[in-house]
Amino acid sequence: MGASEWLFPAGTFTVPGEKFVGVHPGAGTSTWATLLGGADHGPVFPEAGAVVAVCRATPAGLNTTKALIGSHGLDHVRAVLVVADAPGRALPAAVRGIKVLSSVVPVVEVPWMVKLRGLENPLAVAAAISKPVRRVRDRLAEAQVRIPRGVVETTRGNNQ
């Protein structure tokens with residue numbers, strides 16, 4: 001744990017940009033918040049605004065993400081960043097979990113990047129991984145919550 005984490009625990013202040021919440025330890029929240037210029041809130045949901053939930057592409061990580069969305073609601077999760085847990089294809093159970101999640105919330109899959117392993121500061125390799133980081137940033141920017149088929153979005157409230 002770095003000195004700044006003792007002085008400013010996750011979620012105690014905000015910076016401009018996306019708000020990233022870690023679904024479980026080791027999800028990659030700090031790394032991706034740093035690379036994408038957002039705020040790392042650790043496991044703490046901010047009081048206002050929707051977050052980008054970050055999890056690993058494992059069955060356990062995806063199940064925890066589903067539970068988090070169930071407890072906090074879709075209004076509070078703007079997208080899910082699913083970080084590869086190893087090189088190559090995800091486990092079949094993880095692929096199914098990603099498919100289920102993507103049916104209700106935008107999912108942005110992050111490829112395995114060996115250059116990010118064991119780094120204190122991911123910005124040290126930012127130039128070397130700029131293309132995949134740009135793709136993740138672009139996909140996250142394009143991510144929008146899907147309105148399920150049959151649901152009509154209106155600008156009028158229930159009482160009007």
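- The stretch residues 111-140 participates, sequence neighbours left out, in no ring-ring contact (aromatic ring centres under 6.0 Å, His included) pair at all.
- With a 4.5 Å cut-off on side-chain heavy atoms, Val83 and Val54 count as touching.
- Val110 and Val95 are assigned to two separate hydrophobic clusters, defined by single-linkage of ILVMFWY side chains at heavy-atom distances under 4.5 Å.
- Contact annotation: the side chain of Thr58 never approaches that of Leu91 to less than 4.5 Å [non-hydrogen atoms, C-beta and beyond].
- Lys19 and Gly49 get closest at one heavy-atom pair: NZ-CA, 4.0 Å.
- The shortest heavy-atom contact between Leu140 and Ala79 is CD1-CB, 3.9 Å.
- Residue pairs meeting the ring-ring contact (aromatic ring centres under 6.0 Å, His included) criterion with at least one member in residues 118-142, sequence neighbours excluded, do not occur.
- The minimum heavy-atom distance linking Leu35 with Pro122 is given by the pair CD2-O, 3.8 Å.
- Across every non-hydrogen atom of Cys55 and Ala27, the tightest pair is CA-CB, 3.8 Å.
- One finds the CD1 atom of Ile129 at 9.0 Å from the NZ atom of Lys115 (value rounded to the nearest 0.5 Å).
- Residues Pro87 and Val114 fail the side-chain proximity criterion, which asks for heavy atoms closer than 4.5 Å.
- Note on residues 129-140: no pairs pass side chain to side chain donor-acceptor pair (under 3.5 Å), not counting sequence neighbours.
- Connection of Val100 to Val105 is not established within any shared hydrophobic cluster, with ILVMFWY side chains joined at heavy-atom distances below 4.5 Å, either directly or through further cluster members.
- For the pairing with Leu81, the side chain to side chain contact (heavy atoms under 4.5 Å, CB included) check across Val136, Val21, Val107 returns one residue only, Val136.
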Report task. Just do the side-chain contact (heavy atoms from CB on, under 4.5 Å) check on Leu62 and Val82 with the steps written out, would you? Result -> CA-CA 8 Å; Leu62 294 160; Val82 179; 4.1 Å; yes
Using a 3.5 Å cut-off and no angle test, enumerate the donor-acceptor pairs between side-chain atoms of residues 67-77 and protein atoms at least two apart in sequence or in another chain.
unit_1: Ser71; atom_1: OG; unit_2: Ala67; atom_2: O; d: 3.4
unit_1: Ser71; atom_1: OG; unit_2: Leu68; atom_2: O; d: 3.1

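- Listed by first then second residue, pairs satisfying side chain to side chain donor-acceptor pair (under 3.5 Å) with a partner in residues 20-30 read Ser30-Asp40, not counting sequence neighbours.
- Taking each heavy atom of Arg56 and Gly26 in turn, the nearest pair found is NE-O, 2.8 Å.
- With a 4.5 Å cut-off on side-chain heavy atoms, Leu116 and Val125 count as touching.
- For the atom pair Glu120 CD and Thr31 OG1, the distance stands at 10.0 Å (nearest 0.5 Å).
- Ala141 and Arg78 get closest at one heavy-atom pair: N-NH2, 4.5 Å.
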Requested in this report: Decide yes or no on side-chain contact (heavy atoms from CB on, under 4.5 Å) for Ile98 and Glu109, but give the supporting numbers first.
Outcome: CA-CA 9 Å; Ile98 292 168; Glu109 294 184 65; 3.6 Å; yes
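- Counting heavy atoms from C-beta outward, Val52 and Trp32 have side chains that stay 4.5 Å or more apart.
- With sequence neighbours excluded, the residues that form a side chain to side chain donor-acceptor pair (under 3.5 Å) with Asn63 are Lys66.
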